[in-house]
Structure formats: structure tokens, C-alpha cells
2 protein chains.
Amino acid sequence: MLGGTNLPRVGGYNQAVVLDAIRTRGPISRVELAALSGLTNQTVSNVVRKLLDAGLVTETGQAPSSGGKRRTLLAPRPDGAYALGVHLDPDAAVIVLVNLAGEVLTSRRLRLSVPSEPADVVDRVARAALRLAERSAVDPGRLLGLGIAAPGPIDGSSGAVVSPPNLPGWDRVPLLKMFAEATDMPVALDNDATAAAIGERWIGGEARAGSFLFIYLGTGIGAGIVLNNTVLHGDSGNAGEFGHLAVEPGDRVCHCGGTGCLGPYCSPAAIIDDLLRLHGRAAADRIGLTGDPASLHGDWKVLRRAARTGDEDACDVVRSAARRIGQAARGAVSLLDVSRVVLGGEGLRGIEPIVREEIDTAVNSTSVARAIRPIAIEQSVIGDTVGAVGAASLVLHGNYTPGWRMLTDPSG
Amino acid sequence: MLGGTNLPRVGGYNQAVVLDAIRTRGPISRVELAALSGLTNQTVSNVVRKLLDAGLVTETGQAPSSGGKRRTLLAPRPDGAYALGVHLDPDAAVIVLVNLAGEVLTSRRLRLSVPSEPADVVDRVARAALRLAERSAVDPGRLLGLGIAAPGPIDGSSGAVVSPPNLPGWDRVPLLKMFAEATDMPVALDNDATAAAIGERWIGGEARAGSFLFIYLGTGIGAGIVLNNTVLHGDSGNAGEFGHLAVEPGDRVCHCGGTGCLGPYCSPAAIIDDLLRLHGRAAADRIGLTGDPASLHGDWKVLRRAARTGDEDACDVVRSAARRIGQAARGAVSLLDVSRVVLGGEGLRGIEPIVREEIDTAVNSTSVARAIRPIAIEQSVIGDTVGAVGAASLVLHGNYTPGWRMLTDPSG
DNA sequence: TCAGCTAAATCCAATTGATGGATGAAGTCA
DNA sequence: TGACTTCATCCATCAATTGGATTTAGCTGA
């Protein structure tokens, strides 16, 4: 049920609106903020004073006069707030410390052994994160919390990961609670693709305002959906399951049991398999693939590099996977009517041009929306660390975004 | 850019929240409203008084005591507000007059000749609508406006229909403006599927609270998306394009140019064609199909009736179309993470069981969400007139729903 | 150089709507 | 009949926005 509102909440909301506008529209004056938000000059003045007092924005110089008193420009203060972000992946955890401007201050990569024990992983990661914050000497009072981006399905209500296909043995692990206890900080948890989308929205400024579909290529494929500046979480907290969109069916059975799913055609393992099947052992040897499932991560890296340097066979298998991704993207775009698709994730490194091109072709040559305006296909503005930065953004976003309540441990 | 808020708006918002709660939760007491909305008893009391004064709700009896004073129950007052709704279709326009409770007071069906002249159609429909309102003797001051549900793409910013595939010659017709001038009332315009979804949300009460996907079978196929009690319009006002989701590809080229689209496999014309192709002229004769494209509407009706009465060939072609719809629905459901799919539209009459069954199979046997909870597949609570009632709901919804601005003619 | 003008930002009184605590109203139960 | 509950409202207070007046700061032209 939709909740009612009261005055303090209105105040907080308007503060969030103004801060968001200052963050995304760069240095901006009070009058412009008033015009943008529809609030009175007076109100903007009041709100800005509070933000100044809170240390979240600063006055940075003045704009040239337009006939009268010059406007004083306001900009976000990077050291106004900080957040820690963790991206959990089967073989490594990436931890970052991010400031209000979205800049990564320090980062650390923790190799994880597969399979790994949840309690052990949480313990190691939490300690590493706390150490990172300590050494960076940020004001502890301005460290807002820890965000976690986890692969696979999440139970939104309990804050647990639900048997992610890539983390064997992690069934119903209450990550939210575990990290809250280990760090004694507010903790936010989300699906990696959704976290990445929030990160783009938070860091991307005007280029990521409004609505977009974020396609995330990590160990699997997923999507984050931002509609009208708000992330879609879905009834069970799992919106954006991209791997189960229907595409041209083949013989492969998805782990969900279906045969028409996108998922089994564009995972690293599947693409490597394609190469071996279609182009033979010789091609694999030339490229340098071991073909050993245990060294999947390395093989995938090698294959991507081969594709980037133009190896025909590598390009071929990547392209046919990308074509299917394009089909799915076309459907998603026309269903959601977004005019922007953003690509990201470390699994994309090296093959962006191919994937971008295929999605562009699929989306812009046939979609109905094309008649109205072309759909932009762009790369993440954050880059390789979207997952971790996105996780940190969960916290910042949760604290400073209008109309958004953080998915956090009630006890914390 | 996200707008700021002010006190009058808060007041309006809370009034809308409370009215919405009274509408959806049937007869309900003030205390329950307070608990539901998170507002104070005091505030609810104030808000309710305003709603009573405005004539939008009434006190209807009292609940049995639970140990103290009995709660007085509040219910929406059907005669509190009215709206006209028009569903434009290639061969007919359905006009309804709806009250605040969502009851259809009067309705009228206007046969349209194909092809038809936009100006002429608007003129006839507008006059019929006005006459309907006049004869029903509703208080003109409580008639809030006219809603239009039009097939095919809409240009949200200009309020025009953009070359709907089923209305030849209707390219960029500014329906919003034309109807506003013809009726001198506030006018709202939306895609038929989206309008139908809003209608379900408005009429359906608790059964349609939260999020759902509405699959609309009219002359074509479309979907309306409701997420967290809010309709998704999309960047260009065309969210829910369901016909361009990818499914098992065949040889048919969609009017968008693609080959993997759902659309060309589940239109009435396509299904009739299937029957002729797969089961021959003999089957068509047995069922009673003319096969003449000019009598498409009639043929489609006949075919549906045959399917309902169990004709094997008819069931076969309907089922294979339904199977594809199921594939698309599965993708949409996992992407949006909704836990309810609603079916409606007059093109569904007679074949609901088959379509329902196929979607159920596709969605609930393979979706990931299934692991968490089954997805409900239900029929429209409104029935055949969803289109028109939905159109009327556009107006009611626009006036009385929290956080929603009506897509209306700025001049009106 | 100074008065006149313009635009930005702030001060002040008024208004609106929610809140918490106290009070009245209506019933139940022993 | 009296004690207790629950519902609903009254009253003073508080928080936030608004509109108009005022101050601050820079531009312009005689």
C-alpha cells in the first residue's frame, strides 16, 4: 500500500531533489536550481543552506553577471560523504571506497578460492573493507555504509542470496545480516546488474538521467532497469533477469529448464564451447585456449583478447552470442520503451565493439521506437569496476535519492 | 528533472492516498486507514472530512465493536465523480459513462466504416459521448472528462496517434486536441493496452494492487505495465509494445521489419491464415470461415467460437499462437519481475482458457521467479469493455491518483 | 562618479498541513 | 453501575513552503 507523507519527509525529499540536481548538473546556481525543480528561490536558498551546513555542497566561484548580481555557483563536495562497495564474484571480491562525487579513492581485489565458505568470505571481505576505510583516513562520521553487489537472485525481503548459479553451495545466505554484524555499519544489498545500474545513474549525471536499460556481462548476463530515475526492483527483488528472455531457440537447456532462454548462449563457458565445437581444437590451440573448465576465467580472457585483436573464429562465436543478446535487448527496449541501453561488466572487456554493434543493429533497425528516435547504445561511464562502484552507490543513492528507501538490515 | 514538492501538493497527495485506500479496500474505518497509510489518526480524520465534504466518499454503517466504540466505515461514493471513456477500434468505437466506483452507467457502440476520416470519426464520437452524458443526467460539475484508448503507437508529447497499423491513413492525428475542441472537456489519451491496464488497476481493487502485466488482445497484441501501482509510460509514451518481443522465429516479417517478432504470429489475420494453410479449405468451410480479408472481424469471431466449442483444428492454430504469446510473457515477466499477469481485450473472447493455459505453462514451468512463488495468470476483472472502461479510468486515475499527472491537452 | 537599473539572495509574516497529547463519544464487560 | 477500551476529534505546536519586501552586488550611461 502506498504510504502517506508528512512535513519532515517533504523537507528531506526536497533536499534530496536539490542535491541530486547539483550533483548531476555540475556547478549550478540557486536560481537555476529553482527553475529546474519548480521550487521557489526562497526555498532553494533554505535548502541549499542546509546542504552547505551538512557539508555536502560548496560554493565554487561565481557565474558571469547577466545584468545584475552574479550567481554563486554550487557544486557537490566530494568529501561530503563516503561509501564502501563490494562486488562479490565467484573467484574474486572487489572492494572500493567511493566519495560523494563517485570517485574511487582506494580499491582492493581479494582472490577467493572456489568453492568458498560464505562465513569465511564475509569475514575476510568485511575486514578488508574496514581496513581500507581506516587507512584512507576518511572521517568515520561521513562513511555512510557498505554496499554489496552479489550475483544471481536475491530475496529482497530477507536480504539473502538465493542459490546463485555461479556460487555453488551458497543457498539462502543472509548476506545482509552477516555483513551488518561483521562491519557494524548500514549495509545495502542488491543483484550485481541492478547495483551497476544504480551506479551508472548515480555517477553518470545528465548522461544517465531518465530511463535506461543496463546490460551487465559478468559471469552470467543480467540487466538493471532504471525508469524515470528510479531503479526497478520487482516484486521479489529480481527485476532485470535478462538471461531468460526468449531468443531463437537451439538445443541448449537453461538451468531454469527452458530451451528458448538467452542465458545458455552467452555465458563465457558457452562461447568457449562454441569455439571448440564450430572451429575445432586447432583454432583453440592457435588462440591459446586450454578448454579446461577449471580455467574458465583465464580461457574467457584469452578468447576476448583474441576477438579484440581480430581473430576471425573468436569474433565469429562472440558475434553470434552478441546477436542473441541483441534480439533480447530489442524486446526489452520495446517493452520498456527506454531510449538508452548501457553496456558494462568485466565480461565485456575486449568485446565491447562487437556487442555494441550487434545490439545497435538489432535495436535500431527494427524497433518501433526507431521511428520516433534512435536508441543510444553506450558503454558504462564507470568502466570495469561498475559492480563495486555500483555497490557503493547503493548506499549513497539510498541516503540521498528522492523517494528511495534503502534495502538495509532493520537491526542496523 | 525530478520536481520538488510543496505543501498543497502534500495535502493533495495524502488525500489521493486515502481515497485510493478507501476505493481499493472497500468499506474501511479511519483507524485502519491510518495503519495502512502510516498517517496519524488525526490526519486521516482531517483528510476524510475533506473527502466527505467533496462528496467523494460516504459513511456506510459501522463495524462491530472490538471492545470499544464501533468504527464507522467509509466507502467511495459512486456518484462522486464520472468520466467518459472511448475505445477507438478500426471498425467500431465503444463509448461508456463510468462512475467513481467503476460501474458502467450507460454505453454505446458506434460502427465505423473502414477506412474512415479522422475528423469525421472524432465528430461523431464526441457528439455521441456528449449525448450519452446528457441523457444520463449526471451532474455536469462531477463529470471530470473524456478518456480515449487508441490502438497503436502514440506520441506522448503531442497527444497524437502515430500511424497505427490498423487504422490506415491515420498518420499523426492529434486526437487529444481534436477531442478537446469537440467536447470542451479535459481529455486524456493513451494506448489501448495501457488504458486497459489503468482500468484494471483502478477498478480491480486489492486484486490489482502492486504490479502486473496486462496482455491485451484487440486487433493486435499489446501490453500495459503497472509497476508499484504506477503505469509505465516509457520515454515516448509507448511502453508495453508486446508484439515485438522475440519468439521462436519463423518466416513472417513483422511490419517493423524484423523476423523474430511475436506480432505477426498472433494477429487474427495470421491465425485465420494458419488455419487455411495447415488444415485446408475443408476445415475452413466446416468451421464457417469465408477467408475473405474484408470480413476479418467476422471470421475471427467464428474461429474463436469454433475453438471454444472444441473444434480441433481451430484449437490447434489458436494454441500455437498462444504458445508464442506464452514465450514472450515468460520473458516479460522475468524481466519485470511481476507476480501477476492479467489477460483482456475483446479478441480474447472464447479463447481465454487456451491462452491462459499456455501462458501459465510457459511462465510457471520455467521462470526463475517460480522458485520463489507462482505467477498468477488471471482474466480481466472488467471483461469485454476493458478498453473503454480503461479509457474512462484514465481520467479518474489522473485526477485521483497519487503521483500521477494526466496526459491532457495543455489548452484544456 | 553617481544615480538608475537589474538580478541574486535573503528576511519576514502568513499559510498550510501534520503531530502529540488531551478530551469527548460510544460500547463492552463484570 | 462503574471501570475499561476503542474510536474520533479538539487544541496548541511545529515544520516547511510561499509571496512580497528588502538587502546585496554588479552593470550602465550621463
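Lettering of chains follows the sequences in order, A, B, ..., and the numbering in each one begins at 1.
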Rounded distance (Å) that lies between atom [atom2] of [N] and atom [atom1] of [X]:
X	N	atom1	atom2	answer
A/Leu39	C/dA9	CG	C1'	16 Å
B/Glu59	C/dA26	CD	P	13 Å
B/Leu52	D/dT9	CG	C1'	14 Å
B/Tyr13	C/dA18	OH	C1'	15 Å
A/Glu32	C/dA8	CD	P	9 Å

Base, sugar-phosphate alone, or nothing: which one does A/Thr43 contact when heavy atoms must sit under 4.0 Å apart?
base
[N] phosphate, OP1 or OP2, under 4.0 Å from [X] side-chain N/O:
X	N	answer
B/Ser29	D/dC7	no
A/Arg71	C/dA8	yes
A/Thr40	D/dT18	yes
A/Lys69	D/dT23	no
A/Arg70	D/dA25	no

Given [options], identify the nucleotide with an atom nearest to the side chain of [X].
X	options	answer
B/Gln42	C/dA9, D/dC10, D/dA8	D/dC10
A/Thr72	C/dA9, D/dT17, D/dC10	C/dA9
A/Asn14	C/dA7, D/dC11, D/dT17	D/dT17
B/Arg30	D/dT17, C/dA8, D/dA8	D/dA8
B/Asn41	C/dG17, D/dT9, C/dG20	D/dT9

Please find the pair of heavy atoms, one from [X] and one from [Y], that lie closest to each other, and give the distance.
X	Y	value
B/Leu51	B/Val18	CD1-CG1, 3.9 Å
B/Ala188	B/Leu176	C-CD1, 3.9 Å
B/Val338	B/Ser211	CG1-CB, 3.9 Å

Residue whose closest nucleotide on DNA chain C lies nearer the 5' end, B/Gln62 versus A/Arg49
A/Arg49
Could you walk me through whether B/Val98 and B/Glu103 pass the side chain to side chain contact (heavy atoms under 4.5 Å, CB included) check?
CA-CA 5 Å; B/Val98 169; B/Glu103 295 155 354; over 6 Å; no
Nearest-nucleotide comparison on DNA chain D, the residue closer to the 5′ end among B/Leu73 and B/Gly68
B/Gly68
Electrostatic pair A/Glu206-A/Arg25, nearest N-O below 4.0 angstrom:
yes
